[in-house]
Amino acid sequence: TEEEYEQYFGLGTPELIKELAPDMTEQEALNLRKLKTEYYKKTFQSIKLNRPLIQLLKSAMHTHSIGLATMGSKKNAMSLLDHFGLTDYFDYIVTRDDVEKAKPDPECFLKVATHLGAMPEDCLVFEDSTFGIEAAVNADMDYIKIEM
């Protein structure tokens, strides 16, 4: 249902598997993650970009440092950014592969801020998930909720 989707939206795949299929073996989980990665690549053409957000990034990239913190894998995130020509919009990218803890833990946002030399209170997070908003709050960062 849409409510169930919203409940888990933004949760990293390993955490989602643990939540929805706690008895799944490590090998089964690995196979499921590989299958998801292959399916994900096939869906790029159906992804709709948030054009106003892209325009904002485009205009801000010349005057502000911009980081990306995603709970997607590095492989999936970079494939998607490359596909849409967005890689150069970001000065630093943190993926699920770069952190110990997934959102709502603030580790990903704090890692981006540290790399960019910014204090958390000087950062503004654009976020589309409840877990991400919680991570921004936990990092003491302001946020804007992005509706899709």
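The residues of the chain are indexed from 1 along the displayed sequence. It should be emphasised that the depicted structure is a prediction, and the values quoted were computed from it without experimental measurement.
Put simply, the side chain of E121 does not reach to within 4.5 Å of the side chain of D140, judged on heavy atoms. Inter-residue side-chain proximity for R96 and S73 is flagged as unmet; no heavy-atom pair is nearer than 4.5 Å. Annotation: side chain of I93 is in contact with side chain of M78 (closest heavy-atom distance under 4.5 Å). Using a 4.5 Å heavy-atom cutoff, the side chains of V99 and D105 are not in contact.
When atom types are taken as modelled, the side chain of S129 and the backbone of G132 share a donor-acceptor pair closer than 3.5 angstrom. At least one donor-acceptor pair closer than 3.5 Å links the side chain of N138 to the backbone N or O of P104. The backbone N or O of C108 lies less than 3.5 Å from no partner atom in the side chain of K103, so there is not a single donor-acceptor pair. No donor-acceptor distance shorter than 3.5 angstrom exists from the side chain of D91 to the backbone of G67, with no hydrogens or angles considered.
For the residue pair L110 and P120, the shortest heavy atom distance occurs at CD2-CG, 3.8 Å. Summarising the geometry of K101 relative to E107, their closest heavy-atom pair is N-OE1, 2.8 Å, with the distance given to 0.1 Å.
Sequence neighbours left out, the pairs with a member in residues 71-84 that pass salt bridge (Lys or Arg N to Asp or Glu O under 4.0 Å) are K74-D98.
Within a 6.0 Å radius of CZ in F90, more than 12 heavy atoms belonging to other residues, nucleotides or ligands are found.
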Hey, can you pull the donor-acceptor pairs under 3.5 Å for the side chains in residues 51-64, sequence neighbours left out?
unit_1 : atom_1 : unit_2 : atom_2 : d
S59    : OG     : Q55    : O      : 3.2
S59    : OG     : L56    : O      : 3.1
T63    : OG1    : A60    : O      : 3.4

